[in-house]
2 protein chains.
Amino acid sequence: MKDVCEIEYVNKEAVEEVKSKMLDDATLLKVAEIFKILGDSTRVKILCALAKRELCVCDLSALINISHSAVSHQLRILRAYNLVKFRKEGKVVYYSLADEHVIKLIEMGIEHAKE
Amino acid sequence: MKDVCEIEYVNKEAVEEVKSKMLDDATLLKVAEIFKILGDSTRVKILCALAKRELCVCDLSALINISHSAVSHQLRILRAYNLVKFRKEGKVVYYSLADEHVIKLIEMGIEHAKE
DNA sequence: TTTATATATGAATATATATTCACATATTCA
DNA sequence: TGAATATGTGAATATATATTCATATATAAA
């Protein structure tokens, strides 16, 4: 790939300039990763719901009309990325947002979506 | 699914309250959609690069070390969502960001990633 | 202790999608 | 016109992942 490009049109200065200014790959990969988490409507719905109020798995299941299992699987992912926290009360597990940061991101997405 | 939930634990008031406050499904789907676009490292790299400077396909290919074809496919997606614009100069097609809005979103993602 | 219920999870399945490959198109230049 | 080059794109492939199903775990209640 690289050697092919040597003999093709490439504005080397431009490429070098941008390369020096760009964030490292690892960071950009992390950026894509967080967006990938937000890039699923079930997870967006869960996060938006939890932004309004603490809810249990069954509530979320009823609210977004999806099986408990599916909700649980998605909550697992959201937990893994520290986007939600939870507390147990007997059999019931209540989920809420880990912090307000995620909502800021989603709100920007909403702005974009509404355009 | 719905009737199963009738006989299970559901805090109906909570669910109704949140449901009334939530954005409609169509909007949330659109939100997830824009995040899905940003949820790929190749596309994030392309957008971050274009945020610095207008670049052609071959430049992008060399910069992020991926085949022309792959870049072209991703640019097609970014074009479809009006995230990038382009101008032709002879054989060469120069791409740039459609607007600064996307970068705001990515910058928030970077903030999150750097935490 | 037995039963019922809320949640979690592994495996299977179905679907989406990123990349590659081959080829098409468009433009420049000899 | 014909060759070279930059980009675009359809099909195939490989991989990721969302959901379902079956089952496990944990807690409460009978």
Side-chain angles (χ1 to χ4, degrees), chain A residues 1 3-11 14-15 28-29 32-33 35-47 54-81 84-96, chain B residues 1 3-11 14-15 28-29 32-33 35-47 54-81 84-96:
Chain A
M1 222 179 314
D3 33 5
V4 172
C5 273
E6 300 289 347
I7 56 159
E8 287 174 353
Y9 172 84
V10 173
N11 184 341
V15 171
L28 294 180
L29 224 140
E33 203 171 34
F35 284 128
K36 190 172 285 182
I37 299 298
L38 301 178
D40 174 85
S41 63
T42 297
R43 287 192 292 266
V44 166
K45 284 177 194 173
I46 290 174
L47 292 171
E54 176 190 70
L55 291 165
C56 72
V57 176
C58 201
D59 289 341
L60 286 167
S61 171
L63 181 67
I64 67 185
N65 205 34
I66 201 175
S67 76
H68 295 173
S69 182
V71 171
S72 201
H73 275 295
Q74 295 310 324
L75 284 170
R76 181 181 162 79
I77 293 170
L78 295 175
R79 243 161 37 213
Y81 284 87
V84 299
K85 61 179 188 244
F86 62 95
R87 68 181 179 85
K88 294 185 78 167
E89 194 173 289
K91 285 177 291 190
V92 183
V93 180
Y94 289 96
Y95 282 86
S96 55
Chain B
M1 220 177 318
D3 34 5
V4 171
C5 273
E6 299 290 347
I7 55 158
E8 286 174 354
Y9 172 83
V10 173
N11 184 340
V15 171
L28 294 180
L29 224 141
E33 204 171 33
F35 284 128
K36 190 172 283 179
I37 299 299
L38 300 178
D40 174 84
S41 62
T42 298
R43 287 192 290 267
V44 166
K45 285 177 192 173
I46 290 174
L47 292 172
E54 176 190 71
L55 291 165
C56 72
V57 176
C58 202
D59 289 341
L60 286 167
S61 172
L63 182 66
I64 65 183
N65 206 35
I66 201 176
S67 75
H68 295 173
S69 182
V71 170
S72 201
H73 275 295
Q74 295 309 326
L75 284 171
R76 181 180 162 78
I77 293 170
L78 295 175
R79 246 162 34 217
Y81 283 87
V84 299
K85 62 180 186 237
F86 61 96
R87 68 182 178 86
K88 295 183 78 165
E89 194 172 289
K91 286 176 291 192
V92 183
V93 180
Y94 290 98
Y95 282 85
S96 55

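This structure is a prediction, so every number in the text was calculated from the model and none was measured. Lettering of chains follows the sequences in order, A, B, ..., and the numbering in each one begins at 1.
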Could you go step by step and tell me if A/Tyr95 and A/Leu55 meet the side chain to side chain contact (heavy atoms under 4.5 Å, CB included) rule? CA-CA 5 Å; A/Tyr95 282 86; A/Leu55 291 165; over 6 Å; no

Would you mind pulling out the nucleotide paired to C/dA30, Watson-Crick or G-U wobble, both distances under 3.5 Å? D/dT1

Between D/dG8 (P) and B/Leu60 (CG): distance, integer Å: 10 Å

C/dA16 P sits how many Å from A/Asp40 CG, rounded? 13 Å

Closest to the side chain of A/Ile66, out of D/dT19, C/dT19, C/dA18, is D/dT19

Rounded distance (nearest 0.5 Å) linking atom CD of A/Gln74 with atom CG of A/Asp40: 5.0 Å

Contacts of A/Glu54 meeting salt bridge (Lys or Arg N to Asp or Glu O under 4.0 Å) (sequence neighbours excluded), chain-then-number -> A/Arg87

Rounded to whole Å, the CD-P distance (A/Glu33 to D/dA16) equals 13 Å

Evaluate the criterion side chain to side chain contact (heavy atoms under 4.5 Å, CB included) for residue pair B/Arg79 and B/Phe86; output intermediate values, then yes/no. CA-CA 9 Å; B/Arg79 246 162 34 217; B/Phe86 61 96; 3.5 Å; yes

Look at the side chain of B/Ser61 and the backbone N and O of B/Ile66, then say whether any donor-acceptor pair between them is shorter than 3.5 Å. yes

How does each nucleotide of nucleotides 22-30 of chain D score, in 5' to 3' order, for protein heavy atoms under 4.0 Å: base (B), sugar-phosphate only (S), or none (-)? -----BS--

Under 4.0 Å between a side-chain N/O of A/Tyr95 and OP1 or OP2 of C/dA6, yes or no? no

Whole Å only: how far is the CG atom of A/Asn11 from the P atom of D/dT7? 12 Å

Give, for atom NZ of B/Lys36 and atom CZ of B/Arg43, the distance between the pair rounded to the nearest 0.5 Å. 10.0 Å

Under 3.5 Å, is there a donor-acceptor pair between the side chain of B/Asp59 and the main chain of A/Asn11? yes

Side-chain contact check for B/Val57: nearest option of D/dT20, D/dG8, D/dT17 is D/dG8

Report which part of the nucleic acid A/Phe86 touches: base, sugar-phosphate, or nothing (heavy-atom distance under 4.0 Å, all strands). nothing

Rounded to the nearest 0.5 Å, what separates atom CD1 in A/Ile46 from atom CD1 in A/Ile64? 4.5 Å

Residues from residues 70-80 of chain A lying under 4.0 Å of DNA chain D - heavy atoms: A/Ala70, A/His73, A/Gln74, A/Ile77

In short, A/Val93 meets A/Lys88 closest at the heavy-atom pair CG2-CG, 4.0 Å

B/Leu55 has an atom CG; how far is it from atom C1' of D/dA6, in whole Å? 15 Å

